[in-house]
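Below is one structure, written out as structure tokens, with a few remarks after it.
Bear in mind the structure is a predicted one, so any value in this text is a computation, not a measurement.
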Amino acid sequence: RCDTCHTPPDYTSRALRDVGLDPTSTRYSVPALRGVSRSSPYLHDGSASTLDDLLDRHHPSHDEPPTPKERSDLGAFLESL
């Protein structure tokens, strides 16, 4: 359900979103996902150096991390943008 915040065709939003990463400042501009595989580092503070790091840490639309299959599919999708 990434497209809830990252809406096509650029996979972004003009809205600020609470992404739950920083308890002192939780609302961030939603980044565009086009070309995301070539735009490291990731997250608001650059703390995820690879897409794998990002997918380990950030899964706001789920209570649980993605399954290995979901993660593989999501990684392939992100690489394709």
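- Two residues are said to be in side-chain contact when any heavy atoms from C-beta on lie closer than 4.5 Å; Leu51 and Ser37 meet this criterion.
- Residues Ser40 and Ser49 approach most closely at CB-O, 3.4 Å, considering heavy atoms.
- How far OG of Ser47 is from OH of Tyr42: 12.5 Å, rounded to the nearest 0.5 Å.
- Pairing each heavy atom of Ser80 with each of Phe77, the nearest pair is OG-O, 2.6 Å.
- In this structure, Thr7 contributes its side chain and Thr12 its backbone to a donor-acceptor pair below 3.5 Å.
- Here the side chain of Ser72 pairs no donor or acceptor atom with the backbone of Lys69 at under 3.5 angstrom.
- Among pairs with a residue in residues 29-45, those fulfilling salt bridge (charged side-chain N to carboxylate O under 4.0 Å, His left out) read Asp10-Arg34, at least two apart in sequence or across chains.
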